[in-house]
Amino acid sequence: MWEPDSQAFVAVKAAELALLSPAVRQDNDQVPRVLSTDFAEIGRWGRRWTYAEMVATLQAEDPLEAPETSEWLFNRISPELVLVNYRIHGTPDDSRHTSLWEVPSLVLRFHQGTFIAQN
């Protein structure tokens, strides 16, 4: 069941927000520990990223400001997994993002971003 942002998911939200910050994205120690070795991402343009590609890309990324987020929802799909959904604003277009986190270890298994169509 989808639940709004609440105390039950504070650590998961903090981990997701940390991965949006330049301080964590370019930290050669933190990123490999946070991403599962079988991590996969489907980017906003449809590209599939592997663990190795994502670690290398984040380490080489130019620092950007952490984006504004909203519309956070959480779904505990098993005792060990939480599915997260949220919106990122203005990069340059808004997009929706979904992540699958292992808990309590806070390891990211999967992420997908999708642009929101402009009507």
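Keep in mind it's a predicted model, so treat the numbers as computed, not measured.
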### Query
Other hydrophobic cluster members with L100, side-chain heavy atoms of Ile/Leu/Val/Met/Phe/Trp/Tyr under 4.5 Å, chained?
W2, I42, L73, I77, L81, L83, F110
Output side-chain donor-acceptor pairs under 3.5 Å for residues 3-13, partner residues at least two apart or in another chain, one line each.
unit_1 : atom_1 : unit_2 : atom_2 : d
D5     : OD2    : K13    : NZ     : 2.5
S6     : OG     : A8     : N      : 3.4

### Task
Using only heavy-atom distances, determine whether the side chains of H97 and S95 contain a donor-acceptor pair under 3.5 Å.
yes
#### Entry: With N85 via side chain to side chain donor-acceptor pair (under 3.5 Å) - residues at least two apart
T98
## Note on the structure
Interatomic distance, CZ@R44 vs CD@E41, rounded to 0.5 Å, equals 8.5 Å
### Message
Could you see if V103 belongs to whatever hydrophobic cluster contains V34? Use Ile, Leu, Val, Met, Phe, Trp, Tyr and a side-chain cutoff under 4.5 Å.
### Response
yes
### Task
May I have all residue pairs that pass ring pair (Phe, Tyr, Trp, His ring centres under 6.0 Å) and include part of residues 13-63, sequence neighbours excluded?
W45-F115
### By salt bridge (Lys or Arg N to Asp or Glu O under 4.0 Å) - contacts of E53 (at least two apart)
R47
## Note on the structure
Taken in chain and number order and not counting sequence neighbours, the residues that satisfy side chain to side chain donor-acceptor pair (under 3.5 Å) with S70 are H89
### Summary
Quick note, salt bridge (charged side-chain N to carboxylate O under 4.0 Å, His left out) partners involving residues 25-36, not counting sequence neighbours, are R25-E61
### Message
Test of understanding: with side chain to side chain donor-acceptor pair (under 3.5 Å), list the residues that count as partners of Y86, not counting sequence neighbours.
### Response
E16
### Task
State plainly whether one hydrophobic cluster holds both V84 and V107, where clusters connect Ile, Leu, Val, Met, Phe, Trp and Tyr through side-chain heavy atoms under 4.5 angstrom apart.
no
### Query
side chain to side chain contact (heavy atoms under 4.5 Å, CB included) with P63: which residues, sequence neighbours excluded?
P22, Q26
### Task
To the nearest 0.5 Å, tell me how far L35 CG sits from H111 NE2.
10.5 Å
### Task
Tell me, please, which residues at least two apart from V24 pass side chain to side chain contact (heavy atoms under 4.5 Å, CB included).
A18, L19, S21, Q30
### Query
Which value, rounded to the nearest 0.5 Å, describes the distance between L58 atom CG and M54 atom CE?
5.5 Å
### Query
Looking at residues at least two apart in the chain, or sitting in another chain, which of them share a side chain to side chain contact (heavy atoms under 4.5 Å, CB included) with I116?
R87, D94, R96
### Sequence-distant partners of D38, side chain to side chain contact (heavy atoms under 4.5 Å, CB included), two or more places apart
S36, R109
### Query
Applying the 4.5 Å side-chain criterion to the ILVMFWY set and letting contacts propagate, would L106 and L108 be lumped into a single cluster?
yes
